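Worth saying up front: this structure is predicted, and the values here are computed from it rather than measured. Hydrogens, waters and symmetry mates are skipped; everything else that's a heavy atom, side chains included, is used. In what follows, residues are counted from 1 in the order of the sequence shown.
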Amino acid sequence: FGVVAMGSPTVYTIAGSDSGGGAGIQADLHAIHGMGCHGCSALTCLTAQNSVGVTAVHTPPPDFLRAQLDALHSDLPCSSVKIGMLGTSETIECVAGWLSSLPPSSRPAVVLDPVMIATSAARLISEGAQADMVSKLFPHTTLLTPNKYEAEALCGYELRSPLDVERAASDILSMGCEAVLLKGGHTLSSDPSKLEGDKNSTAGYAQDYFLDASGGTWLRSGRYETDNTHGTGCTLSSAIASALALKDTEEAGCFKGMTSLDAAVLGKAYVTKGVSSSVRIGAGPGPVQHKGFPSESRYFPTIVSEPSSPPPRGFKLMRPSDFGNLLPVVDTTEWVRRLCEAKGKGADVRDVQVRLKGRGGGDVDDVVAECQRLCVAAGVRLWVNDHYEAAIKHGCFGVHMGQSDLKECLKKGGIEALLKADVALGISTHGFAELSVALGLRPSYVSFGPVFGTKSKSDVGFEDQGVTGVRLWRSL
């Protein structure tokens with residue numbers, strides 16, 4: 001993964017040059033290539049800088065920027081665009097005009113890093129240019145990635161707590177972009193005296209808040225105590241843009257259904273991997289390292305609904321060797337009976353999952369009770385699909401849940417009930433965000449699919465993941 005080859009999607013970066021190599025288009029192209037895409041650049045400005053600071057800035061005329069974009073698009077059309085430092089209203093109008101000129105059928109996904117306020121809180125563009133960015137670029141934006149200070153400038157109020165962050169993300173979403181990833185939740189807890197109770201504590205984590213029309217969630221990663229983080233914002237937005245482009249690969253596999261939240265998860269994993277090995281090169285802070293596609297689960301964020309929720313205790317761990325050659329999923333008591341009888345005749349049946357979709361109430365309770373009786377007698381572990389309350393009531397070994405039922409379970413406190421009853425938990429995943437949800441709960445196992453198309457299940461609702469997807473999920 002992360003290897004540029006024939007058929008790899010093209011990603012543009014429209015941003016400034018960092019002569020020190022740690023941020024700007026230099027970091028963007030590293031990240032785009034590291035994610036397995038081909039990177040093209042259109043320069044908005046050139047800086048004379050090193051790891052200590054910027055000594056000079058040169059801004060080419062907007063006509064030259066437009067010439068770069070037109071030249072690229074005539075030969076190397078892109079799947080997505082990362083937009084970074086723009087600086088002036090004229091540059092903003094140029095980029096917005098180019099995006100508007102593209103036919104609707106070929107308009108790329110746009111990830112906009114607004115680059116309005118530095119992490120030092122210094123303003124980088126005028127208030128007039130900020131207003132132009134909102135009115136002219138936000139309507140083209142698939143995902144906006146402001147830091148805390150940029151969000152404050154956009155909203156006109158300070159963000160002192162995670163509740164403020166959630167409110168600000170909602171306000172920014174109403175300005176016209178499709179989704180927002182508000183960065184910098186960890187800064188809210190830098191001074192413990194300013195915390196507003198447990199709800200507003202994000203200490204110990206690097207947490208960002210994602211919001212789109214379907215709802216909001218927190219992306220949580222471990223923090224690395226280092227100042228070698230130059231270029232994190234540029235790298236994040238470029239990695240996200242690249243992730244959105246991967247759905248256009250010839251063998252998209254698990255990338256086919258890439259959402260903005262999936263892409264944010266991948267981008268955050270890419271940055272975490274880079275920060276974990278960053279080093280100082282000059283006299284100032286060092287840059288994020290570019291270590292390729294994040295194929296290790298330790299770099300992936302977990303998705304949590306509450307920024308102050310404690311780390312999960314985790315469920316009993318199941319290893320591949322714990323299962324037989326097959327984990328049968330059946331929908332009747334009769335099938336459970338037949339499998340238990342096969343176990344008695346020497347078949348390697350260790351686990352059975354009963355799936356009772358569309359059934360409820362006493363019917364489910366009776367079926368689970370009988371299936372559990374049969375499995376106990378045969379020495380088989382019974383897993384119940386979704387109906388966790390019946391599984392707990394009848395002492396079943398485990399529960400398997402899809403993502404929609406998992407959400408309902410979380411709302412009702414079902415996870416805590418399962419942990420208290422020492423019931424194992426398996427979780428279905430179909431994309432990177434769903435994997436991060438699972439990682440946040442530390443289940444007994446994670447399932448993945450569908451690998452190939454099937455006619456045996458009419459309500460799949462997901463793209464075929466393919467062998468490529470299986471290989472990636474196995475590495476994760």
Short question: side chain of S80, backbone of V110 - any donor-acceptor pair under 3.5 Å? no
Taken to the nearest 0.5 Å, the spacing of R160 CZ from E158 CD works out to 4.0 Å
If you apply the rule side-chain contact (heavy atoms from CB on, under 4.5 Å), what do you find for W473 with V451, and how did you get there? CA-CA 11 Å; W473 241 243; V451 179; over 6 Å; no
Take V265 and I303 through the side-chain contact (heavy atoms from CB on, under 4.5 Å) test and state the conclusion after the steps. CA-CA 9 Å; V265 164; I303 287 181; 4.2 Å; yes
Is E152 salt-bridged to K148, going by a charged N under 4.0 Å from an acidic O? yes
Side chains of C396 and W383: closer than 4.5 Å at any heavy-atom pair? no
For L143, is there any backbone N or O sitting under 3.5 Å from a side-chain donor or acceptor partner on T141? no
Using modelled atom types only, decide if a donor and an acceptor are shared between the side chain of S278 and the backbone of V275 within a distance under 3.5 Å. yes
Counting distance only, does the side-chain N/O of S174 pair as donor-acceptor with the main-chain N or O of D171 below 3.5 Å? yes
Examine the side chains of T13 and D28 and answer whether a donor and an acceptor come within less than 3.5 Å of each other. yes
Going from CG on L476 to CZ on F448, what distance comes out if it is rounded to the nearest 0.5 angstrom? 9.5 Å
What are the two closest heavy atoms between E166 and P307, and how far apart are they? OE2-CD, 4.5 Å
Exercise: do Q26 and S17 side chains pair donor with acceptor under 3.5 Å: yes
Is D422 salt-bridged to K316, going by a charged N under 4.0 Å from an acidic O? yes
Contact between L144 and I172 at the side-chain level, heavy atoms closer than 4.5 Å - yes or no? yes
Does any non-hydrogen side-chain atom of L472 lie less than 4.5 Å from one of S295? yes
Are the side chains of N147 and E150 in touch, meaning some heavy atoms are under 4.5 Å apart? yes
If you take all heavy atoms of A421 and I392, which pair is closest and at what distance? CB-CG2, 3.9 Å
Looking only at non-hydrogen atoms, find the nearest pair between M35 and A239 and report the distance. CE-O, 3.8 Å
Could you grab the distance from atom CD of E408 to atom CG of D386, nearest 0.5 Å is fine? 11.0 Å
Of the options R223, K183, R220, which is the one that meets Q207 in a side-chain hydrogen bond (donor to acceptor under 3.5 Å, both in side chains)? R220
Going by heavy atoms in the side chains, are I415 and L406 under 4.5 Å from each other? yes
Distance under 6.0 Å and angle within 45° of ring axis: K273 vs F300: no
Strictly distance-based, threshold 3.5 Å: is any side-chain N or O of T44 a donor or acceptor partner for the main-chain N or O of M85? yes
Without swapping roles, check the side chain of R107 against the backbone of S100 for a donor-acceptor pair under 3.5 Å. yes
Between T91 and T88, do the side chains contain a donor N or O and an acceptor N or O under 3.5 Å apart? yes
Looking at L159, is its backbone amide N or carbonyl O close enough to the side chain of D164 to form a donor-acceptor pair, meaning the two atoms are under 3.5 Å apart? no
Would you compute the distance between atom CD of E296 and atom OG1 of T272 and round it to the nearest 0.5 angstrom? 11.5 Å
Would a 4.5 Å heavy-atom cut-off, applied to side chains only, mark T145 and L112 as touching? no
Report yes or no: does R280 contribute a side-chain atom to a donor-acceptor pair with the main-chain N or O of A283 at less than 3.5 Å? yes
With a 3.5 Å cut-off and no angle check, do the side chains of T259 and D262 form a donor-acceptor pair? yes
Answer yes if the side chains of S238 and H30 hold a donor-acceptor pair under 3.5 Å, and no otherwise. no
Donor-acceptor contact below 3.5 Å, side chain Q403 vs main chain T429: no
Just by distance, no angles: are the side chains of Q49 and T47 close enough, under 3.5 Å, to form a donor-acceptor pair? yes
Flag for D208-W218: side-chain donor and acceptor within less than 3.5 Å: no
Please report the C-alpha distance between Y299 and K268 in whole Å, then the side-chain angles of each, then the deciding distance to 0.1 Å, and finally whether the side-chain contact (heavy atoms from CB on, under 4.5 Å) criterion is met. CA-CA 8 Å; Y299 299 124; K268 195 165 169 65; over 6 Å; no
Would a 4.5 Å heavy-atom cut-off, applied to side chains only, mark L137 and I92 as touching? yes
Looking only at heavy atoms, which two atoms of A433 and L261 are closest? And how far apart? CB-CG, 3.6 Å
Looking just at side-chain N and O atoms, do K82 and S237 make a donor-acceptor pair shorter than 3.5 Å? yes
Distance alone, cut at 3.5 Å: any donor-acceptor contact between the side chains of H400 and S428? yes
May I ask you to check whether Y12 and H73 place their ring centres under 6.0 Å from each other? no
What do the steps show when you test L244 against V111 for side-chain contact (heavy atoms from CB on, under 4.5 Å), and what is the final call? CA-CA 9 Å; L244 288 171; V111 179; 3.8 Å; yes
At what distance, to the nearest 0.5 angstrom, does OG of S242 lie from OH of Y270? 8.0 Å
At their closest point, which heavy atom of A151 faces which heavy atom of P146, and how far apart are they? N-CB, 4.2 Å
So L65 and I14, do their side chains get closer than 4.5 Å, heavy atoms only? yes
From I32 atom CD1 to H38 atom NE2, the distance as rounded to the nearest 0.5 Å: 9.5 Å
Kindly check if the number of other-residue, nucleotide or ligand heavy atoms within 6.0 Å of NZ (K407) is above 12? no
Distance-only side-chain donor-acceptor flag, N385 / Q353, under 3.5 Å: yes
Exercise: do D405 and H387 side chains pair donor with acceptor under 3.5 Å: no
If only atom types and distance count, is the side chain of S106 paired as donor or acceptor with the main-chain N or O of L102 below 3.5 Å? no
Check for me whether the distance between the ring centres of F315 and Y445 falls short of 6.0 Å. no
Minimum heavy-atom separation for R355 to V329, with atom names? CB-CG1, 4.0 Å
